[in-house]
Amino acid sequence: MNRCEQVFPARDYDLAATLTSGQVFRWQPHDNGWVGVIDRRWVRLESADGSITACVAGPVSDWNWLAHYLQTELDFGAVLSSFPDDEPMRSAVGACRGLRLLRQDPWECLASFILSSTKQIVQIRQILALLCERYGDPVPVPTGHAPAFAFPTAARLAGVSEAELRNCKMGFRAPYLLATARVIASGQLDLARLQHLPVADSRAELINLPGVGRKIADCVLLFAYGFQDAFPVDVWIMKALQQLYFPRRRPGLPRLQRFTETYFGSNAGYAQQYLFHYMRTRRPAPVPRGALKG
DNA sequence: TACCAGGAGAGCG
DNA sequence: CGCTCTCATGGT
């Protein structure tokens, strides 16, 4: 039966934390709910005890695409119980039980994280809003709602000039996004194929793209393809690992990266998202005596 | 004003 | 391999 509204059972699902946790950048709060675009569909989400209600702009017969995006079928308890049983992970889970990983479109995820480097989340959101407004196709929206746009295709961005991209405030990231868009649009790399490769091979293909290093590759592996063992190490995670696990030794990035490959288990990516959220939302660590100027 | 932001790439020892 | 520097841009 075709309908514009659907209810998904969703225990232990903190929708607000999930949509604002830095894995996705285009959801906006609206009347107790959230409005966004998934692929080429306008979507409104609202959570109420134990479920998520979704509204779309036109009738839909098959809702699997949204269940897949939200990962509502996931055995979440199994994920939590696979975490290492240590104090940092207990604190991180205790601070925000219900934080989830979405399953995004690979191209949108890849392009978004190319634009994320040394930018704060609010600024990433601003860049992407400009990019979608200018180069994304408009999508149907229920009457009374603001216009909404699909994420621009690689083919569309491949035909845009670097100067036009820089006008979206992306700075030195513009040539990276443009070059990667051209590789994808030309068919030289098929993003859909990476889903079926071993994670290391998929990662290697992503790192070959201009503007994509280990961190951004791991974001795409985790947030788009769902490789649960991918563990993006950014500045926040690096601080978290150093403070929580190596308070005295302070290893560098390469050693920390190797640590994450074995320590956090089969759902390391989920553990990473909990540590990231925990570091970003808890009160700042006290400044050590002597580090103060005045 | 100075410093920093979910990094990547190039140059160096 | 591991360190350092630069690359735009906006916010505090």
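Throughout, protein chains are lettered first and strands after them, A, B, ... in sequence-line order, and every chain is numbered starting at 1. As the structure is a computational prediction, the values presented were derived from the model and not from experiment.
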Colleague: Heavy atoms under 4.0 Å, any strand shown: does A/R173 hit a base, just sugar-phosphate, or nothing?
Modeller: base
Colleague: Give one of base, sugar-phosphate or nothing for A/G22, where a contact means two heavy atoms less than 4.0 Å apart.
Modeller: base
Colleague: Say you pick atom P in B/dC4 and the same atom in C/dC5; how far apart are they, in whole Å?
Modeller: 14 Å
Colleague: Are the ring of A/F276 and the six-membered base ring of B/dG6 within the stacking cut-offs of under 5.5 Å and under 30°?
Modeller: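 Stacking between A/F276 and B/dG6: present.
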Colleague: Please confirm whether A/R100 makes a cation-pi placement over A/F76, using NZ or CZ under 6.0 Å from the six-membered ring centre and within 45° of the ring normal.
Modeller: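 Yes.
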Colleague: Which nucleotide in the list B/dA8, B/dG6, C/dT9 gets nearest to the side chain of A/I216?
Modeller: B/dA8
Colleague: Identify whether any heavy atom of A/L209 sits under 4.0 Å from a base atom; if not, whether one sits that close to sugar-phosphate; answer base, sugar-phosphate or nothing.
Modeller: sugar-phosphate
Colleague: Would you confirm whether A/W65, through its side chain, and A/D62, through its main-chain N or O, come within 3.5 Å as a donor-acceptor pair?
Modeller: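 Looks like yes, one N/O pair under 3.5 Å.
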Colleague: Give me the distance, rounded to whole Å, that separates B/dA8 from C/dG10 when you measure between the P atoms they each carry.
Modeller: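 The same atom, P, in both gives a distance of 22 Å.
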Colleague: Given C/dG2, B/dG6, B/dG7, identify the nucleotide with an atom nearest to the side chain of A/S117.
Modeller: B/dG7
Colleague: Relative to the 5' end of DNA chain C, which residue comes earlier, A/P254 or A/V122, by the nucleotide with the nearest heavy atom?
Modeller: A/P254
Colleague: Distance check needed: B/dG7 P versus A/L110 CG, whole Å only.
Modeller: 16 Å
Colleague: Scan A/V233 against the nucleic acid and name what it touches under 4.0 Å (heavy atoms): base, sugar-phosphate only, or nothing.
Modeller: nothing
Colleague: What is the distance, to the nearest angstrom, from the CD atom on A/Q257 to the C1' atom on C/dG2?
Modeller: 14 Å
Colleague: Let's see if you can work this out: which of B/dA5, B/dG7, C/dA8 has an atom nearest to the side-chain heavy atoms of A/K239?
Modeller: B/dA5
Colleague: Could you state the CG-P distance from A/L178 to C/dC7, rounded to the nearest angstrom?
Modeller: 20 Å
Colleague: For a quick check of understanding: with a heavy-atom distance under 4.0 Å over all strands, which category does A/S21 fall into, base, sugar-phosphate or nothing?
Modeller: base
Colleague: Output the rounded distance in Å from CD1 (A/I114) to C1' (C/dA8).
Modeller: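 The answer, rounded to whole Å, is 16 Å.
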Colleague: Please state how far atom CD1 in A/I207 lies from atom C1' in B/dA10, giving the value in whole angstrom units.
Modeller: 16 Å
Colleague: Nearest to the A/S116 side chain among C/dA8, B/dG6, B/dA8, which nucleotide is it?
Modeller: B/dG6
Colleague: A/D218 CG to B/dG6 C1': how many Å, rounded?
Modeller: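 Roughly 12 Å, once rounded to whole Å.
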Colleague: Tell me whether the side-chain N or O atoms of A/Q272 pair up with the base of B/dG6 as donor and acceptor below 3.5 Å, since no angle test is needed here.
Modeller: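 Present.
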Colleague: Mapping A/P210 and A/I121 onto DNA chain B by nearest heavy atom, which one lands closer to the 5' end?
Modeller: A/I121
Colleague: Can you confirm whether A/Q195 is buried at CD, in the sense that more than 12 heavy atoms of other residues, nucleotides or ligands lie under 6.0 Å from that atom?
Modeller: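 Yes.
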Colleague: I need the CZ-C1' distance between A/R125 and B/dA5, as an integer number of Å.
Modeller: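 Answer to the nearest Å: 16 Å.
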Colleague: Quickly work out the A/L115 CG to C/dT9 P distance and round it to whole Å.
Modeller: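 It is 13 Å, rounded to the nearest whole Å.
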Colleague: My understanding is that only one of A/Y274, A/Y245, A/F83 makes a ring-ring contact (aromatic ring centres under 6.0 Å, His included) with A/F264; could you say which?
Modeller: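 Checked A/Y274, A/Y245, A/F83 against A/F264; only one passes ring-ring contact (aromatic ring centres under 6.0 Å, His included): A/Y245.
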Colleague: Between A/D86 and A/R90, does any side-chain N to carboxylate O distance fall below 4.0 Å?
Modeller: no
Colleague: Under a 4.0 Å N-O cut-off, is there an ion pair linking A/R203 with A/E205?
Modeller: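 So A/R203 does not pair with A/E205 through a salt bridge.
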Colleague: Students often get this wrong, so: under 4.0 angstrom with heavy atoms, is A/K215 touching a base, only sugar-phosphate, or nothing?
Modeller: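 Here A/K215 touches the bases of the nucleic acid.
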Colleague: When you measure only distances, ignoring hydrogens and angles, does the side chain of A/Q273 come within 3.5 Å of the base of B/dG6 through a donor and an acceptor?
Modeller: yes
Colleague: On DNA chain B, check which nucleotide each of A/Q120 and A/Y176 is closest to and give me the residue with the more 5' one.
Modeller: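 Going by which nucleotide is closer to the 5' end, it is A/Q120.
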